[in-house]
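Letters A, B, ... mirror the listed sequences (proteins, then strands); counts begin at 1. Side chains included, hydrogens not; waters and symmetry mates left out as well; all remaining heavy atoms used. Please read all numbers here as calculations on a predicted model, not as lab measurements.
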Protein chains: 2
Amino acid sequence: MRTDYCGLIDSRYLGQTVTIKGWAHRRRDHGGVIFIDLRDREGLVQVVINPDTPEAFTTADSSRNEYVLEITGLVRARPEGAANKNLISGEIEIVATEIKILNTAVTPPFQIDDENLSENVRLQNRVIDLRRPVMQKNLRLRYRIAMLIRNYLDSRGFIDIETPMLTRSTPEGARDYLVPSRVHDGQFFALPQSPQLFKQLLMVAGFDRYYQIVKCFRDEDLRADRQPEFTQIDIETSFLNEHEIMDITESMAKHVFKEGIGVELTDFPRMTYADAMYYYGSDKPDLRVTLKFVELTDLMKTEEFKVFRSAAEMANGRVVGLRVPGGAALSRKEIDEYTKFVAIYGAKGLAYIKVNDVTKLSNDEHSGLQSPIVKNLSEAALKEIIARTGATDGDLIFFGADKAKVVNEAIGALRIKIGHEKGEAGGYFAQGWKPMWVIDFPMFEHDEEADRWTACHHPFTAPQDGHEDMLDNNPGACIAKAYDMVLNGSEIGGGSIRIYREEMQSKVFRALKIDAEEAQNKFGFLLENLQFGAPPHGGLAFGLDRLVTLMVGAESIRDVIAFPKTQRAQCLLTDAPNSVDEKQLRELHIRLRQKAEVAAS
Amino acid sequence: MRTDYCGLIDSRYLGQTVTIKGWAHRRRDHGGVIFIDLRDREGLVQVVINPDTPEAFTTADSSRNEYVLEITGLVRARPEGAANKNLISGEIEIVATEIKILNTAVTPPFQIDDENLSENVRLQNRVIDLRRPVMQKNLRLRYRIAMLIRNYLDSRGFIDIETPMLTRSTPEGARDYLVPSRVHDGQFFALPQSPQLFKQLLMVAGFDRYYQIVKCFRDEDLRADRQPEFTQIDIETSFLNEHEIMDITESMAKHVFKEGIGVELTDFPRMTYADAMYYYGSDKPDLRVTLKFVELTDLMKTEEFKVFRSAAEMANGRVVGLRVPGGAALSRKEIDEYTKFVAIYGAKGLAYIKVNDVTKLSNDEHSGLQSPIVKNLSEAALKEIIARTGATDGDLIFFGADKAKVVNEAIGALRIKIGHEKGEAGGYFAQGWKPMWVIDFPMFEHDEEADRWTACHHPFTAPQDGHEDMLDNNPGACIAKAYDMVLNGSEIGGGSIRIYREEMQSKVFRALKIDAEEAQNKFGFLLENLQFGAPPHGGLAFGLDRLVTLMVGAESIRDVIAFPKTQRAQCLLTDAPNSVDEKQLRELHIRLRQKAEVAAS
């Protein structure tokens, strides 16, 4: 039997005989001696095989990279100067007395320590890819984080209760993955987008505190960092208000960061949605970037400059400035690139003013302000812009003027981009962890196309106390008891206090133009059970994939998932999805549409 | 805020003011005072509301069963003689000073303490059903067991790694649940029947020790104790042999029983499959019943009695006796009922001999043996039967004679039935826990209908050392490195050492008549990766649902699952599966078969 993991043998083992099992990571011959770095999940250890153990030497000589070996040998100190500080085992080596080949290996498609692999190659050869130390580290840290969360929630009285995977399709929000029923001809299960209603029903059933680390499914076109199946840390509790829920989950997050990666998070600031949009144009501001929007809409209503004035006068328009300290040094080329960048978000241009001399705030050729637009603005406006932004010599001010949505997205994205590119040098970005809560989200947002209100969070979210009447007469002003946990510009969790009275739930359905029949049909089991004595309750769901991605510093959530799908929702390892037998389809009472069409023609 | 759970307030709290939140379990008026038993997940506490707190009294008076209440009051001792020993809170009561109705409730469909409910009513009203203390206890113990398992495996270096839910259909074994792909026209994902291949690939990737508590899916017609989705404790490890794996998981089971329900299990006996079939006619013997089969096949080959002789002479025939101590007292009616019972398993009759006097073993009218068949057997045979069974006066011997399969199933089932019904009185059954391992399963069983060999465990199971050659020339004799954990006659876990060399895997596929093309098509990704240096590995999977069912003493696995399906694979709470929009089907490139037929006609 193995006595130890390769990667954990250090100088405490000097003079001991050990047996290790692992993979031949690298083999080299040097001065008539063979060296094999043997690898297991804990890391590497150097094994020396001398010709004076001829049997072991012959076996070592016939071993190739990625062979699976069992090696017994004596731990000794490496020679003076040969230590490797990067390895736990770096001060020792093992002199082999016995080597057994447990399995051979054909040449792998790439070297395990190759760091320049395309993602396609990695996903096609995922098993070999997972041998790479970085992937081993990512998945082990993922596990550690999940266990820290479980143990934390357990200590607070939360209970993991499994909810069904084969459940009811309620086409609302994202598209469901469907599963045809064999027993019930023409009917379908859906895979859950979240256990939302089940966890609420568990509260009605009196379980008091629930959690689950659970797979959820959304059949959507995949953006860069989405997967068809993703893992949610799902939490629900009865009898606590939103602040108490935020307190518990904030202290959970602090615990996980401390124990998981040794980071002490400070208390999370709580910012209203309104403030987040006002200062950062985003409901998930990256507070590592300290730049803030400066509101100019009021000021521009009386200016002649049409670009700004028309935006300021629009019902949903907005004009903001973004002061970039030291930004006057930006080159024409850089500014052009930022202009192209904001165009992605729909901005039609990117006005700016370079501040060369704040003592000269005229709009003529003597101005200390350098910009194509200075001449279009009144001196009073220019003075007010400088006053509000607090700009000083050497700074630059970018402007956004459009529908508020476009301004917020474009200048919000610009704020992040310039912050990450220039902020460290400019003093307006600091590496580190900036968690926060965004609270007081609106209940609804207006879907322009469909001309109706949709739920910002989900239709089971409670309105703030005193906002109930606005559900009927002013839904846009109605604020929800909803909250998001945001970290470094990523939403890592979101939740709300839920509606716990049937009348209120029906009222919200009406505001969403879900009529009584539809509500009964889709959510009858919820409405019915809310009448049987539902406790006040609320909760939160974290995205485990994204949380771990941030914590390990990975580029993609695919780097923290053992067997992820591509952006075309395929598994390149197993080649799923694939075609199935006609017999299977017949049993499920379905046929392929294309086939049916061929058959009919 | 709540200061305490209702059910946990005991005499340590005397004189303290507490605030509790929960459900009005029962309300009664007695001598001008109102009593409310308030219930939360921890249990009940008695609240007294006096008319001298008029506001609280009025609120209490308007409260009905299952109202959600917040109550503040003073803890005092119950009057002399009014203590309730069944409750933790049984020695105290709370004198309410304040009551708030947090939510009202309509009259529930049944009383929470009603114990005579049909399962249909319970499943339709599952949320109310889950309020019943027994269901609260079951699901909390389920959670506790799962956490004990996690912490045990964690302490032994196992890592939970999530495997995909949307994966590849490999029609083998049970029927897959399919999920149509929207992105890939005409293709399907399958929900996993188990993460078998993924966990093996994680071993190839070097994770060394893996576990997962994971949903698996089988679209089969449901027997009494099956669910379409079930939860598996899935374990895999590299570099350990079958005995080492059994040792680890046995000690895990002991730990879980001890910490979970306070039961100390003794060491698990390890019995070969051959012995289990020989002595108990079952590969999952219930060792609480001490009765054993007595082999008589050899003896009956030379008897005239046709029923026994023809069975003994069949290639796959078997004749056994089953001695029932004290069984001579069985009535004609009881024996008739056992005869009907074995008929379920295909037995054409149930011969028996009552032993009245072992000193008279003749086959004539003076015989001390009472039975319709005594006259058909030779005296030598009768003596040998008594000798082999060890029967004494007052015993009864049942006989099975048929194909071995029928004998094993029929007499095996009879052994359990009679053991449970009569064994406690007869001294051949004892309540308690009888865990065991069944080992050395055959590699293959012969599918008579299809006239081919199928894998007993699964096609990735390794043969015993030295049995490799039999794969080609005598598959029926080939023994696998497979093992089942059996508890009280239920298989609670099963596993094997896996094949870790590509040549051996291909050889087993050939024995199963899976040709190279089919193997490549279905399992190409496995075969390929076995070549890249797969370590020796093996594992085990436990059925969590069944394990918990046994541990809590529930009647059905549905009693340890929050939201189970019926035997027709329906969720009566949410009414899943249900019909979906035509638009959803169109996006998935499928149509209903019946609709297509209607359209074509």
Side-chain angles (χ1 to χ4, degrees), chain A residues 2 21 23 41 66 68 102-103 105-106 108 127 130-131 139 143 159-161 164-169 177 179 181-184 186-189 201 204-206 208 215 219 228-229 239 525 529 531-535 562-563 568-569 573-574 576-580 589-593 596 600, chain B residues 2 21 23 41 66 68 103 105-106 108 127 130-131 139 143 159-161 164-169 177 179 181-184 186-189 201 204-206 208 215 219 228-229 239 525 529 531-536 562-563 568-569 573-574 576-580 589-593 596 600:
Chain A
R2 169 171 67 194
K21 302 185 183 195
W23 286 261
R41 77 174 194 193
E66 300 307 310
V68 187
L102 299 178
N103 208 352
V106 300
V127 179
L130 288 174
R131 285 188 185 162
L139 291 179
Y143 168 60
I159 297 165
D160 179 347
I161 301 177
M165 290 283 116
L166 294 170
T167 181
R168 185 187 165 83
S169 175
Y177 275 103
V179 183
S181 164
R182 179 177 56 85
V183 181
H184 303 277
Q187 305 203 346
F188 292 79
F189 294 103
L201 294 176
V204 181
D208 202 69
K215 280 282 175 74
D219 188 8
E229 55 180 296
F239 301 121
F525 62 99
N529 280 295
Q531 296 178 60
F532 288 128
F563 302 105
R568 294 208 68 225
L573 171 67
T574 60
N578 60 337
S579 39
V580 299
H589 320 288
I590 58 171
R591 63 171 89 217
L592 299 183
R593 197 159 278 271
Chain B
R2 171 170 65 195
K21 303 185 183 193
W23 286 261
R41 77 174 195 193
E66 300 307 312
V68 186
N103 209 351
V106 300
V127 179
L130 288 174
R131 285 187 186 164
L139 291 179
Y143 168 59
I159 298 165
D160 178 347
I161 301 177
M165 291 284 115
L166 294 171
T167 180
R168 184 186 165 83
S169 177
Y177 276 104
V179 183
S181 163
R182 178 178 57 85
V183 180
H184 302 276
Q187 305 204 346
F188 292 79
F189 295 103
L201 293 176
V204 181
D208 200 67
K215 281 283 174 73
D219 188 9
E229 55 180 296
F239 301 120
F525 62 98
N529 280 295
Q531 297 178 59
F532 288 127
F563 302 105
R568 298 208 66 226
L573 171 68
T574 61
N578 61 337
S579 39
V580 299
H589 320 288
I590 59 171
R591 62 172 89 217
L592 299 183
R593 197 159 278 270

Exercise for the section: Pick one of side chain, backbone, both or neither for B:Ser579, based on which atoms fall under 4.5 Å of a heavy atom in chain A. Expected result: both
Fill in the blank from the handout: Across all chains, not counting sequence neighbours, the salt bridge (charged side-chain N to carboxylate O under 4.0 Å, His left out) partners of B:Arg182 are A:Asp219, A:Asp221
Practice task
Return yes if some donor-acceptor pair links the side-chain N/O of A:Arg41 with the main-chain N/O of B:Ala205 below 3.5 Å, else return no.
Solution key: no
Practice task
Would you mind checking which part of B:Asn578 comes under 4.5 Å of any heavy atom in chain A, side chain (CB onward), backbone (N, CA, C, O), both or neither?
Solution key: both
Fill in the blank from the handout: Counting heavy-atom pairs under 4.5 angstrom with chain B, the leader among A:Tyr177, A:Tyr143, A:Trp23 is A:Tyr143
Problem - Selection from A:Ile590, A:Leu130, A:Val580 maximising heavy-atom pairs under 4.5 Å formed with chain B - result: A:Ile590
Handout entry: Pairwise side-chain contact, B:Val68 with A:Phe239, heavy-atom cut-off 4.5 Å (strictly under)
Key = yes
Fill in the blank from the handout: Note: vs chain B, highest number of non-hydrogen pairs under 4.5 angstrom among A:Pro164, A:Ala562, A:Ala576 is A:Pro164
Completion exercise
Taken in chain and number order and not counting sequence neighbours, the residues that satisfy ring-ring contact (aromatic ring centres under 6.0 Å, His included) with A:Phe532 are none
Handout entry: Option in B:Pro228, B:Ala105, B:Ser181 with maximal non-hydrogen atom pairs under 4.5 Å from chain A
Key = B:Ala105
Exercise for the section: Go through the atoms of B:Pro536 and report whether side chain, backbone, both or neither lie under 4.5 Å from a heavy atom of chain A. Expected result: side chain
Fill in the blank from the handout: Heaviest contributor of heavy-atom pairs below 4.5 Å to chain B, chosen from A:Ile161, A:Thr167, A:Leu573, is A:Leu573
Exercise for the section: Let me know if B:Arg2 has heavy atoms under 4.5 Å from chain A in its side chain, its backbone, both or neither. Expected result: side chain
Exercise for the section: Taking the side chain as every heavy atom from C-beta outward, state whether B:Leu592 and A:Phe188 have any pair of such atoms under 4.5 Å apart. Expected result: yes
Handout entry: Contact winner vs chain A - B:Asn529, B:Thr574, B:Leu139, heavy-atom pairs under 4.5 Å
Key = B:Thr574
Practice task
Sort out for me which of B:Leu201, B:Asp208, B:Val179 touches chain A most, counting heavy-atom pairs under 4.5 Å.
Solution key: B:Asp208
Practice task
Spell out, as yes or no, whether a donor-acceptor pair under 3.5 Å connects the side chain of B:Arg593 to the backbone of A:Gly186.
Solution key: no
Handout entry: Proximity breakdown for B:Lys215 and chain A, heavy-atom pairs closer than 4.5 Å
Key = side chain
Problem - Value rounded to 0.5 Å, distance of CZ in B:Phe189 from CD in A:Glu229 - result: 8.5 Å
Problem - B:Ile159, part contacting chain A, at a heavy-atom distance under 4.5 Å - result: both
